[in-house]
Every structure is written in structure tokens, then in C-alpha cells.
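Throughout, a chain's letter reflects where its sequence line sits, starting with A, and its residues are numbered from 1.
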Amino acid sequence: MSILPREFYSEDTVVVAKKLLGKKITRKIKNEEISGIIIETEAYRHKDDPASHAFCKITERNERMFGEVGIAYVYFTYGMHYCFNIVAKNKRKQAGAVLIRAIHPIKGIKRIQKNRGITNLENLTNGPAKLSQALEITRKENGADVTKKSNLFITEGIKCKKITASTRIGIKKATERKWNFKIEVL
DNA sequence: TTGAGGATTGGCT
DNA sequence: GCCAATCCTCAAA
């Protein structure tokens, strides 16, 4: 299983968001391994995207979106939830990231169920905050390099035939942009 | 130093 | 469908 190279993430954010669908994300916790197929992503860009964290100005929190691609950007929100992003952008753009909204677990499901406190497969990882909880992603994972074999990385996955584009979820600006992408998994 | 608000979720109506 | 939970970040003073 080959890890996606950093060049994979140096295209336009929206393009990378589509390309990430069907790829496999692997998370290692001590001796246990959790992995799943990415089935839903959202693109967040820069000046042309009022809903993006990077829209206004650079701050301590969003500076990762302006940095090197292929780096994890984790942020905390609503007092209880983490969301997991991967920095991805065209070299001409200053900032951009892909939010991983949902995965399809294929390995370490028991561990995920334990993390989430439930066993219902459909509710394990079908939301950004659920996904982070399932993979034990916290602020400590902010800045992790997913192009290197470590505790958190992304590899080639399955081929996806059909991509569905929809409007992004949970935001109040630029809601007409169809930058939410998902695939069907059998 | 303080106050306001957020790329969400789950439970209740 | 609506709303509370709850803490980190930003911006203003």
C-alpha cells in the first residue's frame, strides 16, 4: 500500500477534495491500527471562500492552512468537537484545506466502537466530529504529516466510480458552492 | 483580561 | 426541527 506523495495535495483544493474520495486513511494507536475509506470531503479555500477559516486573515489557529500541503489541520469547535482537515492547495493559492467529513471503517472497528461508545456501524464515522473521536484525533495531531508513515497517514484506496457534489454543511456563508463531495460505498 | 461565537452533535419536542 | 453543551480562538480595550 503506497502512501500518497506530497504532490498529490498540491493541486487546487477542490480537485484534491474529489481525489481524496476512496483513499484510505490509517491511524495507529500504540499497537492497534484503525483504517477506513474516505467517503465524504469538503473543500475550503481562501479569498474566494467566505466560509473558510483562512478567508479573513492569518492567525495562530489557521496558519497551517497557509503552510505546506499534506499536513493535518485539526481544530476544536463548539466546545466539544474536533474536525480533521488536510492542507491542500494549488501552489498559486495562499491557503486551502480539505475537511474530511466521513469515512467507511474497514479495520479496527472494535476500537472505534469503544472510542465512540456505540456499536451502530452507521453512526460510527458519518460526521467530522464523530470521525475525529473514532480515530482519536485531537489537537495534538494538528500539524501531523500524512505523507509519511507515522501514526496518521493516507494511502491509495479503492477506485470510486460515482462522485456526488452537494452544498457544504454547517456553514452560513457561500452556501451555494457545491464543494461537498461523497461516494457511495457498498 | 474579557466576551462573543463557531466548518457539530445528540436529545427532546 | 430546535436548542443546549462547552472550550478554544480572536479581537477589543
Novice: So, OP1 or OP2 of dG10(B): does either fall under 4.0 Å of a side-chain N or O from Arg116(A)?
Specialist: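 Checking dG10(B) against Arg116(A), a side-chain N or O does come within under 4.0 Å of OP1 or OP2.
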Novice: Starting at CD of Glu60(A) and ending at P of dA11(C), how long is that distance when rounded to a whole Å?
Specialist: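 Spelled out: CD on Glu60(A) to P on dA11(C) is 11 Å.
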Novice: What residue among Arg177(A), Arg101(A), Arg168(A) forms salt bridge (Lys or Arg N to Asp or Glu O under 4.0 Å) with Glu42(A)?
Specialist: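 By the salt bridge (Lys or Arg N to Asp or Glu O under 4.0 Å) criterion, Glu42(A) pairs with just one of Arg177(A), Arg101(A), Arg168(A): Arg101(A).
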Novice: OP1 or OP2 of dG6(B) less than 4.0 angstrom from a side-chain nitrogen or oxygen of Lys172(A), does that happen here?
Specialist: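 Yes, within the criterion.
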Novice: Rounded to whole Å, how long is the line connecting atom CZ of Arg139(A) with atom C1' of dG6(B)?
Specialist: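 That distance rounds to 16 Å.
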Novice: What integer distance in Å separates Arg64(A):CZ from dA7(B):P?
Specialist: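 Whole-Å distance recorded here is 19 Å.
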Novice: Find which nucleotide of DNA chain B each of Gln133(A) and Ser52(A) is nearest to by heavy atoms, and output the residue with the more 5' nucleotide.
Specialist: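 Residue closer to the 5' terminus by nearest nucleotide: Ser52(A).
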Novice: Under a 3.5 Å limit for both distances, which nucleotide forms a Watson-Crick or G-U wobble pair with dA7(B), could you say?
Specialist: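 Paired with no nucleotide.
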Novice: Tyr78(A) stacking on dT8(B): centroids under 5.5 Å, ring planes under 30°?
Specialist: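 Yes.
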Novice: In whole angstrom, give the distance that lies between atom CZ of Arg61(A) and atom C1' of dG6(B).
Specialist: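 After rounding, the gap between these two atoms is 7 Å.
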Novice: Between the side chains of Gln133(A) and Asn115(A), is a donor N or O closer than 3.5 angstrom to an acceptor N or O?
Specialist: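 Not at all, the side chains of Gln133(A) and Asn115(A) share no donor-acceptor pair under 3.5 Å.
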Novice: So what does Leu99(A) hit on the nucleic acid, given a heavy-atom distance under 4.0 Å: a base, only sugar-phosphate, or nothing?
Specialist: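 Here Leu99(A) touches the bases of the nucleic acid.
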Novice: Is the shortest side-chain N/O distance from Arg101(A) to OP1 or OP2 of dT8(B) below 4.0 Å?
Specialist: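 Yes.
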Novice: To the nearest 0.5 Å, what is the distance between CD1 on Ile158(A) and CD1 on Ile183(A)?
Specialist: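 Rounded to the nearest 0.5 Å, the CD1-CD1 separation comes out at 5.0 Å.
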Novice: Please state how far atom CZ in Phe76(A) lies from atom C1' in dC7(C), giving the value in whole angstrom units.
Specialist: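 Checked: the CZ to C1' distance equals 5 Å.
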Novice: Between dT8(B) atom P and Lys130(A) atom NZ, what is the distance in whole Å?
Specialist: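 For the pair Lys130(A) NZ and dT8(B) P, the rounded distance is 12 Å.
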Novice: Hey, does Glu42(A) reach any base, or is it just sugar-phosphate, or nothing, if we go heavy atoms under 4.0 Å?
Specialist: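 The answer is nothing, as Glu42(A) stays clear of every strand by at least 4.0 Å.
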Novice: Under 4.0 Å between any heavy atoms, over every strand shown, what does Arg168(A) touch: base, sugar-phosphate, or nothing? Just pick one.
Specialist: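 Nothing: the residue Arg168(A), judged by heavy atoms under 4.0 Å, touches no strand.
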Novice: Nearest 0.5 angstrom please: His104(A) NE2 to Lys24(A) NZ, how far?
Specialist: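 If I round to the nearest 0.5 Å, the distance is 12.5 Å.
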Novice: Does a nitrogen or oxygen in the side chain of His81(A) sit under 4.0 Å from OP1 or OP2 of dT9(B)?
Specialist: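 No, no such contact exists.
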Novice: Quick check: any donor-acceptor pair below 3.5 Å linking the side-chain of Tyr75(A) to the base of dA7(B)?
Specialist: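 Answer is yes: a donor-acceptor pair is held.
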Novice: Using a 4.0 Å heavy-atom cut-off across all strands, classify Ala129(A) as base, sugar-phosphate, or nothing.
Specialist: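 Sugar-phosphate, backbone atoms only, no base.
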Novice: Check the distance between dG5(B)'s P and Asn62(A)'s CG and give it to me in whole angstrom.
Specialist: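 Going from Asn62(A) (CG) to dG5(B) (P), I get 19 Å.
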Novice: Whether Asp48(A) and Lys93(A) form a salt bridge (side-chain N of Lys/Arg under 4.0 Å from carboxylate O of Asp/Glu) is what I want to check.
Specialist: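 Salt bridge absent between Lys93(A) and Asp48(A).
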Novice: By the 4.0 Å heavy-atom rule, please label Lys57(A) as base, sugar-phosphate, or nothing.
Specialist: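 Lys57(A): backbone/sugar contact only, no base atoms under 4.0 Å.
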Novice: Of Gly79(A) and Thr59(A), whose closest DNA chain C nucleotide lies nearer the 5' terminus?
Specialist: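 Its nearest nucleotide being more 5', the pick is Gly79(A).
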Novice: How many whole angstroms separate atom CG of Asn120(A) from atom P of dT9(B)?
Specialist: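 Checked: the CG to P distance equals 15 Å.
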Novice: Kindly determine whether Ile86(A) and Leu99(A) satisfy side-chain contact (heavy atoms from CB on, under 4.5 Å), including the steps that lead there.
Specialist: CA-CA 7 Å; Ile86(A) 298 168; Leu99(A) 170 67; over 6 Å; no
Novice: Using Watson-Crick or G-U wobble geometry with both distances under 3.5 Å, which nucleotide pairs with dT6(C)?
Specialist: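 Its partner: none found.
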